[in-house]
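Data block below; observations after.
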Amino acid sequence: MNKYRTHNCNQLNKGNKGENIILSGWINKKRDHGNLLFIDLRDNYGLTQCIIDKSNSSFNELEKIQLESVIKIIGNVIERSNETINSELYTGEIEVNIISFEILGSCRELPMPIFSDQEYAEEIRLKYRFLDLRRKKIHENIILRSKVISFIRNEMNNLEFLEFQTPILTSSSPEGARDFLVPSRLNPGKFYALPQAPQQFKQLIMVSGFDKYFQIAPCFRDEDARADRSPGEFYQLDIEMSFVEQENIFDVVEKLMINVFKEFSSKKLLYKKFPRISYEEAMLKYGSDKPDLRNPLLIYDLTNIFTREDVSFDIFKKLVKAGSKVRCIVTKNTKDKPRSFFDNLDKWAKEQGASGLAYFTIERDKQLSAKGPVGKFFSEDSLKEIMKITSAVEGDSIFFACGKRNDVEKILSQAREKIAKDLDLIDENKFAFCWIVDYPMFELDELTNKIKFSHNPFSMPQGNIKDIDFEKPLDIKAYQYDIVCNGIELSSGAIRNHVPELMYKLFSIAGYDKKKVDEKFSGMINALSYGAPPHGGIAPGIDRIVMLLANEKNIREVTMFPMNQNAQDLMMNAPSDVSDHQLKELGLILKGKK
RNA sequence: GGGGGUGUAGCUCAGUUGGUUAGAGCGAUCGCCUGUCACGCGAUAGGUCGAGGGUUCGAGUCCCUUCACUCCCGCCA
């Protein structure tokens with residue numbers, strides 16, 4: 001108890017009847033009956049209805065006070081009559097009869113209402129974030145975030161992981177995302193980089209012999225935003241363990257995810273044991289390495305159908321001959337869907353930059369036939385073969401895309417989502433987790449046609465080191481894995497390569513000579529040559545986990561002070577100009593603005 | 001860097017085929033109202049229709065440019 005309050009705004013009930021109390025909070029809502037005034041007083045914890053009538057000398061002043069002003073109320077608790085009980089409030093059986101009040105913080109006219117379920121332009125929400133955060137839904141999201149982080153920290157502690165901080169000012173790394181750079185005053189012309197992740201540090205922690213590490217780690221990447229990706233900064237549950245295999249990591253993370261999601265959501269887990277899907281299979285069946293497994297639609301490869309004599313769909317046949325792939329999505333029992341359903345999808349695909357989606361529906365008159373604009377090109381036998389490959393039956397429809405493998409994967413992945421949404425196939429009350437495993441170590445850069453790391457250069461290639469065929473680098477798989485939930489990539493991780501010679505070898509394949517590796521990764525490579533344990537880890541994204549738990553589609557809804565899409569903080573005006581003096585001290589000259 | 005959407009009162013939105021003085025709800029201000037909990041009733045104020053240019057007798061509406069916000073592609077080892 002202090003001078004501001006004896007109770008919070010979600011505490012009083014019938015048991016407090018007759019007590020003299022003090023409450024402080026924001027004026028959430030006023031209902032003015034002329035000679036009788038109701039005030040809903042709000043704080044972090046809840047609402048309490050307060051009441052005052054004309055006989056009180058404070059009435060006139062209170063009647064005029066702005067919503068969202070902060071006031072202190074001295075009053076007594078009275079029981080409400082049966083008809084006036086509000087069962088939606090914890091404090092709904094009582095109200096506070098106001099004796100006197102005091103303004104603690106007055107409020108100007110609001111740029112946006114607080115007590116409302118309306119949605120507002122992002123610009124105004126971000127500029128007045130401190131007001132936006134008073135609103136119920138987002139206020140609760142931020143509290144949820146706090147609780148989730150606290151729960152995770154507790155779980156990790158119980159599993160005997162040690163929490164360490166790693167540097168925020170570190171060195172720029174050549175791989176990966178763009179770095180945020182910080183000029184060094186003491187080392188003119190040189191720059192720190194903010195860590196994209198504590199990747200090297202957590203490995204060095206293992207080399208230092210600490211065995212099991214975690215951190216709720218800030219990560220900084222100067223890349224463009226998406227709905228599920230904050231520009232600039234985000235948080236990962238960074239984990240690293242020594243003397244482990246892939247399965248040991250899965251075990252820890254799977255249990256952690258199950259505990260977190262059970263604790264904070266009433267939605268059901270679709271799988272108790274998270275399915276493992278190889279990268280290759282994911283790309284084939286879902287067109288993506290972050291498939292939403294709630295979505296029952298699957299992709300099938302029909303390239304070979306277009307080499308048949310009895311299929312006369314010449315456009316596709318020509319493309320297939322030139323190396324294109326044909327893949328399809330089957331929709332069940334859609335024969336009675338209106339023509340517009342099919343045409344809209346074709347139109348939509350074209351809008352996405354694809355060449356469109358060909359389609360037909362399998363029907364039976366006397367014999368099997370394909371109904372739709374391209375149906376006539378398929379013989380009955382070819383239809384049977386298609387049905388065999390795709391498990392399609394009469395009444396189902398088939399949507400085709402043809403093109404380069406990457407392009408087909410991409411458009412069909414998007415089409416899977418789009419069709420499932422249109423047909424309402426996704427159960428929003430489920431969480432579908434899965435592991436994506438067996439990532440390739442390298443991939444071909446489409447622009448330069450050179451081999452590059454497809455994921456993390458520090459990953460351990462699969463198989464016995466002596467048996468790895470370095471002549472076929474694109475065939476090398478890595479102990480590299482992602483965890484995905486409802487189509488959102490929650491994290492990726494890997495068993496690390498702790499063998500320096502092997503590291504040099506892999507880097508050389510990606511075009512880095514020994515000198516460059518020594519230069520760019522000196523801390524790392526040096527450390528590995530002084531007795532490094534086998535180790536591995538993972539780093540689930542905290543923001544995205546909370547986003548899923550809060551049932552939000554946008555990461556700003558679970559971020560207290562987010563930046564806008566252009567990486568600006570509209571409340572704090574960041575980024576901002578700096579003084580000439582500051583620039584001079586840092587040895588920087590600006591070339592001028594655009 | 002590219003593509004889509006949005007931009008009208010403090011807030012959320014409507015505004016027909018280009019046609020008189022640009023509307024509504026909430027909020028604000030003023031008045032009435034003693035049991036509301038999205039209280040109710042009445043009145044008043046509040047507009048560079050994001051900005052600039054163009055077409056037209058006439059533009060919120062059509063065209064061009066541009067800005068802001070947002071979604072997507074690229075990017076994100």
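Since we're looking at a predicted model, the values are computed, not measured. To find a chain, count down the sequence lines: A is the first, B the second, and so on, and within it residues start at 1.
When the P atom of B/C72 is taken as reference, atom NZ of A/Lys418 falls 15 Å away, rounded to whole Å. Taking atom CD on A/Glu417 and atom C1' on B/C72, their separation rounds to 11 Å, with Å as the unit. At whole-Å resolution of the value, CZ in A/Arg229 and C1' in B/C73 are 11 Å apart. For A/Ile124 and B/A68, the CD1 to P distance is 17 Å, given to the nearest whole Å. Nucleotide B/C75 holds its C1' atom 14 Å from the CG atom of A/Asp179, rounded to whole Å. Summarising the geometry, the separation between CG on A/Leu131 and C1' on B/C11 is reported as 12 Å, rounded to the nearest angstrom. When rounded to the nearest whole Å, the span between CD1 of A/Ile65 and C1' of B/G27 equals 17 Å. In this structure, A/Met563 places its CE atom 16 Å from C1' of B/U70, rounding to the nearest Å.
The residues A/Asp117 and A/Lys137 are annotated as not salt-bridged, no charged nitrogen and carboxylate oxygen being separated by less than 4.0 angstrom. Ion pairing between a basic and an acidic side chain is recognised when a charged N comes within 4.0 Å of a carboxylate O; A/Arg294 and A/Asp292 show such pairing. Between A/Arg135 and A/Asp132, at least one side-chain N (NZ, or NE/NH1/NH2) sits under 4.0 Å from a carboxylate O, which counts as a salt bridge. Salt bridge A/Glu140/A/Lys136: present, at least one basic N to carboxylate O contact under 4.0 Å. With respect to the salt-bridge test (charged N to carboxylate O, under 4.0 angstrom), the residues A/Arg229 and A/Glu223 do not qualify. A/Glu489 and A/Arg544 are not joined by a salt bridge, as no carboxylate oxygen comes within less than 4.0 angstrom of a charged side-chain nitrogen.
For A/Gln565, whose side chain is taken as the heavy atoms from C-beta onward, the closest listed nucleotide among B/G31, B/C71, B/C76 is B/C71. Nearest nucleotide to the side chain of A/Arg556, out of B/C75, B/C71, B/C69: B/C71. Comparing B/A28, B/C76, B/G74 by their closest approach to the side chain of A/Leu67 singles out B/A28. Nearest nucleotide to the A/Glu109 side chain, out of B/G27, B/C76, B/C73: B/G27. Taking only side-chain atoms of A/Ala177, from C-beta outward, the nucleotide of B/C71, B/C33, B/C76 with the closest atom is B/C76. Nearest nucleotide to the side chain of A/Asn566, out of B/C72, B/C69, B/A28: B/C69.
Taking a pair to require two hydrogen-bonding distances under 3.5 Å in either a Watson-Crick or a G-U wobble arrangement, B/G74 remains unpaired. Remark: B/C41 base-pairs with B/G31; criterion is Watson-Crick or G-U wobble with both hydrogen-bond distances under 3.5 Å. Pair check for B/U20 finds none; no Watson-Crick or G-U wobble contact set falls under 3.5 Å. Pairing of B/C69, defined by two Watson-Crick or G-U wobble distances under 3.5 Å, is identified with B/G5. As the counterpart of B/C26, B/G10 is assigned, both hydrogen-bonding distances of the Watson-Crick or G-U wobble pattern falling under 3.5 Å.
A cation-pi arrangement is absent between A/Lys202 and A/Tyr213 under the rule of less than 6.0 angstrom and at most 45 degrees off the ring axis. Seen from the ring of A/Phe470, A/Lys505 counts as a face-on cation partner, given the 6.0 Å and 45° thresholds.
Taking only side-chain nitrogens and oxygens, A/Gln66 comes nearer than 4.0 Å to OP1 or OP2 of B/U29. For B/C71, the OP1/OP2 oxygens have a side-chain nitrogen or oxygen of A/Asn554 closer than 4.0 Å. Regarding contacts with the backbone of B/C73, a side-chain N or O of A/Arg226 is found under 4.0 angstrom from either OP1 or OP2. Close to B/C26, at under 4.0 Å from its OP1 or OP2, lies no side-chain N or O of A/Gln118.
Contact annotation: side chain of A/Arg108 to base of B/G10, donor-acceptor pair absent below 3.5 Å.
Atom P of B/G58 sits at a distance of 34 Å from the matching atom of B/U12, rounded to the whole Å. With both ends at atom C1', the span from B/U29 to B/G19 equals 35 Å, rounded to whole Å. Remark: the separation of the C1' atoms in B/G35 and B/C39 is 9 Å, to the nearest Å. To the nearest whole angstrom, the two P atoms, one in B/U16 and one in B/A22, are 15 Å apart. One C1' atom belongs to B/U8, the other to B/G50, and the distance between them is 10 Å to the nearest Å. Using C1' as the reference atom, B/G40 and B/C26 are 15 Å apart when rounded to the nearest Å. For the C1' atom pair drawn from B/G47 and B/G23, the interatomic distance equals 11 Å after rounding to whole Å. If you take atom C1' in B/U55 and the same atom in B/C63, they sit 7 Å apart, rounded to whole Å.
Sequence order on RNA chain B of the closest nucleotides to A/Gln199 and A/Lys410 puts A/Lys410 first from the 5' end. Closest-nucleotide positions on RNA chain B for A/Met112 and A/Glu63 were compared, and the one nearer the 5' end corresponds to A/Met112.
Side chain of A/Gln462 to main chain of A/Ala478: a donor-acceptor pair is present (N/O by atom type, distance under 3.5 Å, no hydrogens or angles).
Around atom OH of A/Tyr235, no more than 12 heavy atoms belonging to other residues, nucleotides or ligands sit under 6.0 Å away.
Contact annotation for A/Asn564: backbone-only contact, meaning every heavy-atom pair under 4.0 Å involves sugar-phosphate atoms and none involves a base. Here A/Ser454 lies in heavy-atom contact (under 4.0 Å) with sugar-phosphate atoms only. Note on A/Gln196: nothing from the nucleic acid sits closer than 4.0 angstrom, heavy atoms only. A/Leu110 comes within 4.0 angstrom of the backbone, heavy atoms only, and of no base. The residue A/Pro111 sits close only to the backbone: its heavy atoms come under 4.0 Å of sugar-phosphate atoms, none of a base.
Taking the six-membered ring for Trp, A/Phe453 and A/Phe507 have ring centres closer than 6.0 Å.
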Contact string for nucleotides 34-43 of chain B, one letter per nucleotide 5' to 3', B = base within protein heavy-atom range under 4.0 Å, S = sugar-phosphate only, - = neither, reads BBBBSB----
